[in-house]
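Quick notes on the structure that follows.
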Amino acid sequence: MTNADVARLLYELAELMDLRGDVFKRNAYRRAARGVETLDGDVRELARDGRLDEIPGVGKSIASTIAEIVETGTSRKLEELRQGFPPGLAELMRVPDLGPRTAVQLHRELGVSDLEGLKRAAEEHRIRSLKGFGERSEENILRGVEMVERLGRRMLLGDALPVAEAIAAHVRAHGTELVSVAGSMRRMRETVGDVDILAGTDRPEEALAAFVAYPEVAEVVVRGPTKSTVRLADGTQVDLRVVPAASFGAALQYFTGSKDHNVRLRRLALQKGLKLNEYGLFDASGANLAAGRDEGEVYRQLALPVIPPELREDRGEIEAALAGRLPRLVTEADIRGDLHVHTSMSDGRASMREVAEAAVRRGYEYIGITDHSRSLHVAHGLSEDDLLASVEQARQLTRELGFPVLRGAEVDILEDGSLDYPDEVLEQLDYVIGSVHSRFKMSKDEMTERVVAAMADRHLSILGHPTGRLLGRREPYPIDMERVMDEAAARGVVLELNSFPDRLDLNDLHCRMAKEHGVLVSVDTDAHGVEQLDHMRLGVGTARRGWLGPEDVLNTRALDEVRRLLRR
DNA sequence: GCCGTTTTCGGCCCGACTGTTTTCAGTCG
C-alpha cells in the first residue's frame with residue numbers, strides 16, 4: 001500500500017459519495033485523497049505512529065479508514081458502498097452533462113450500469129420517456145457516449161500545445177490583441193481533455209470570425225455570440241471563449257483553473273469580504289478591484305504573490321503563497337544543456353555534428369550525446385568499438401566547434417541490475433544514463449532490486465525515465481519510488497525527467513518527491529531528431545508542476561559543476 | 001466528513017447555461 005494506492009481508494013470513496021448524492025462528503029474524501037497524494041513521507045509510517053490526522057483534510061473518521069486500508073488493503077465502508085452501485089456506474093459520469101444524479105436515475109429506472117448499456121438505452125429511445133428528459137437530451141447523451149468512446153484517451157500536452165498556440169497566434173494576427181491558451185494546457189498538465197483558448201476584446205465578432213476561419217478547421221460545432229467550438233481535421237476539438245477586454249485578466253485566472261485552486265481562491269476572497277468571479281474581484285460596495293488585462297492583479301489584490309499556472313492545483317500553493325514561501329520555479333531560460341540525445345549512430349536521425357550545431361543555435365553551453373547500448377538491438381545499440389570510436393569523435397567536435405560535446409551513453413540496466421558495457425568501456429565515457437528497456441513485467445520487489453543494484457554501480461550517474469511509462473500505451477513498471485529516491489539521495493545519483501511527450505517521467509508528483517529527498521533532477525529531452533530538442537519546454541513545465549527551482553535541476557549548472565556532479 | 005480571527009455546529013465557491021419545464025434541477029468549468 002503506497003501513498004498512491006491509498007489515495008486511489010479515497011478517490012473511489014469520493015466517487016461513491018458523489019453517487020450517493022453527498023457532495024460535501026465527496027469533497028471531504030477528495031481533499032483527503034489529495035492530502036495523501038502530496039504527502040512528504042510514507043502514509044504507512046503515519047498510520048503506525050497514529051499521526052494520520054496531521055494530513056490536511058484527514059480527520060478522525062478518514063484517519064481510521066486509512067488505517068484500515070493500510071492494514072487490510074481495503075475498508076469495510078468502501079466494500080459496503082461498492083455493493084450499492086455497479087462498478088461501471090462511475091464511468092457514466094464521463095459523459096458530458098451527465099452527473100451523479102442522472103447516473104443514479106438511469107440506473108434505478110432503466111437498469112443502466114455502464115457506458116455500453118447507456119448507449120443501448122439511448123439508441124432504443126428508452127431515455128426520452130423518463131421524467132426530466134426529452135428527445136434532445138437523449139440525442140445529447142448518445143453523442144456524449146460516442147465522444148467518450150472516441151476520445152477515451154486524452155490528448156498529449158505535446159500534441160495539444162502547438163495546435164493551441166498556432167490558433168491563438170492566428171486570432172491575434174486578425175486584430176484581437178488579448179489571446180491566451182487557458183485550461184489545463186496552461187497549467188502544463190501532461191495530458192489535456194480539451195483545448196481552451198481565451199480572447200479579451202470588445203469586438204467579439206472579429207475574434208470569432210477569425211477563429212472559425214482558421215485553415216485547419218474542418219467543422220464548426222458551435223458558433224455563439226461569445227463562444228465557439230470547432231473540430232480540426234485531425235479530430236481535435238477547440239473552444240474559443242470571448243470576454244470583454246475589461247474582464248480578460250479575471251477571466252484568464254478563472255479559465256486557467258484548476259477548479260480546486262479557484263475554489264480555494266474564492267474562499268480566501270470571501271474571508272476578506274471580497275467576491276471573486278470570472279468578471280473580477282469585487283469589494284463589498286461592488287467596485288471591481290481586479291479584472292483588466294493583467295491576471296496577476298487578482299492575486300495581488302488578494303495580498304498574494306502571483307501563483308504560476310503550473311502550481312494551481314490546490315497542492316499547497318495557496319498556503320505557500322500566504323506564507324511567502326512560493327518557490328522560484330525553474331524556467332527554460334535556466335537550462336544550459338541537454339544531457340539525453342540520440343544520434344543516427346543508434347536510433348536517432350541527426351548526426352552528432354547536427355545535434356551539436358542545433359544545441360549551439362539554442363544557446364546551450366553544452367550537449368550530451370547518449371546513444372543506446374549494445375543489448376538494445378531494436379534501437380541499433382552501439383558495439384563497444386563503435387562507442388569508443390565515437391568518444392574520440394566527440395572530442396574532435398568539441399575542439400572544432402569550441403562547444404563542449406559530452407560523450408555519454410544510455411546504457412541498458414540488464415535483468416540482474418548490471419550495466420550493458422564492461423567497466424573499462426564505461427570509464428571512457430563522460431557519464432552514463434542507466435535505463436530499463438526490457439523485462440517490464442517483473443514484480444515490484446524484483447524491479448526495485450534491479451534498479452537499486454544498478455544505482456550501486458558508481459558508473460551510473462543518471463537514472464533514465466525512472467518508471468518507464470508511456471502515456472496511453474504502457475503503465476509504469478512497478479517500482480518502489482521511495483526506495484529509489486532514498487538510494488539516489490544516499491549515492492548522489494541524479495534522476496531524469498525525460499521530456500518526451502508520452503513519457504514525462506519523472507512525473508510532477510515524483511519531482512516534488514525528489515526535491516523533498518534532496519535528489520537532483522536532470523531535465524532532458526531524449527531527442528531522436530534536432531526538432532525534438534524543443535520538447536525541453538514540456539519537461540520544464542512538468543518540473544515546474546513539481547515545484548522544482550533551478551537549484552533542484554542538474555542541467556541549470558555550468559559545465560564544470562555538471563561534470564563534478566556526474567562523477568560520483 | 002472536515003473545520004474554526006464569523007469557531008464545536010453549521011456551513012462547505014460561484015455564475016451561467018441547458019433542457020425541460022411553468023419555476024428549476026442538474027451540470028459544468
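Lettering follows sequence order; numbering is per chain, from 1. Side chains are part of it too, since the values below use all heavy atoms of this structure and drop only hydrogens, waters and symmetry mates.
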Worksheet entry | Contact nearer the 5' end of DNA chain B, comparing A:Ala63 with A:Asn262 | A:Ala63
Worksheet entry | ring centroid sep under 5.5 Å plus plane angle under 30, A:Phe133 with B:dT20 | no
Worksheet item: Okay, side chain of A:Asn288, backbone of A:Leu281: is any donor-acceptor separation there less than 3.5 Å?
Response: yes
Worksheet item: Contact class for A:Val104 (heavy atom, under 4.0 Å): base, sugar-phosphate, or nothing?
Response: nothing
Practice prompt. Among the candidates B:dG1, B:dG29, B:dG15, find the nucleotide nearest to the side-chain atoms of A:Asp194.
Written response: B:dG29
Worksheet item: B:dG1, B:dG19, B:dT27: which one has an atom nearest the side-chain heavy atoms of A:Pro100?
Response: B:dT27
Item to complete: Assess whether one donor atom and one acceptor atom, taken from the side chain of A:Tyr279 and the base of B:dG15, lie less than 3.5 Å apart.
Response: no
Practice prompt. Taking atom C1' in both B:dA25 and B:dT21, compute the distance separating them and give it to the nearest angstrom.
Written response: 10 Å
Worksheet item: Does A:Glu216 pair with A:Arg231 as a salt bridge, N-O distance under 4.0 Å?
Response: no
Worksheet, complete the sentence: Which of B:dG29, B:dG26, B:dA16 is nearest the side chain of A:Arg101? It is B:dG26
Discussion item. Which nucleotide wins on minimum distance to the side chain of A:Asn140, given the candidates B:dG19, B:dG29, B:dG15?
Written reply: B:dG19
Worksheet item: What nucleotide among B:dG29, B:dC12, B:dG15 has an atom nearest to a side-chain atom of A:Phe24?
Response: B:dC12
Item to complete: Kindly indicate whether the side chain of A:Tyr29, heavy atoms from C-beta on, has any atom under 4.5 Å from the side chain of A:Leu16.
Response: no
Worksheet entry | Proximal nucleotide (of B:dC28, B:dG26, B:dC2) relative to the A:Thr102 side chain | B:dG26
Worksheet entry | 5' priority, DNA chain B, between A:Phe255 and A:Lys77 [closest heavy atom] | A:Lys77
Practice prompt. Answer with base, sugar-phosphate or nothing: what part of the nucleic acid does A:Val23 contact at a heavy-atom distance below 4.0 Å?
Written response: nothing
Fill in: Closest nucleotide among B:dG15, B:dG1, B:dG19 to the A:Ser137 side chain
B:dG19
Worksheet item: Of all the choices, B:dC2, B:dG15, B:dC12, which nucleotide is nearest to the side chain of A:Glu278 once you look at every atom?
Response: B:dG15
Fill in: Integer angstrom distance from the C1' of B:dG10 to that of B:dC17
30 Å
Worksheet entry | Nearest-neighbour nucleotide for the A:Lys25 side chain, B:dG29, B:dG1, B:dG15 considered | B:dG1
Item to complete: Report which part of the nucleic acid A:Leu265 touches: base, sugar-phosphate, or nothing (heavy-atom distance under 4.0 Å, all strands).
Response: nothing
Discussion item. If I pick the C1' atom on B:dT8 and the same atom on B:dC14, what distance separates them, to the nearest angstrom?
Written reply: 27 Å
Worksheet item: A:Thr467 and A:Asp505: side-chain donor and acceptor closer than 3.5 Å?
Response: yes
Item to complete: State whether A:Glu71 and A:Arg44 are salt-bridged, where the test is any N-O pair (Lys NZ or Arg NE/NH1/NH2 against Asp/Glu carboxylate O) under 4.0 Å.
Response: no
Discussion item. The side chain of A:Arg136 is closest to which nucleotide in this list: B:dG19, B:dC28, B:dC2?
Written reply: B:dG19
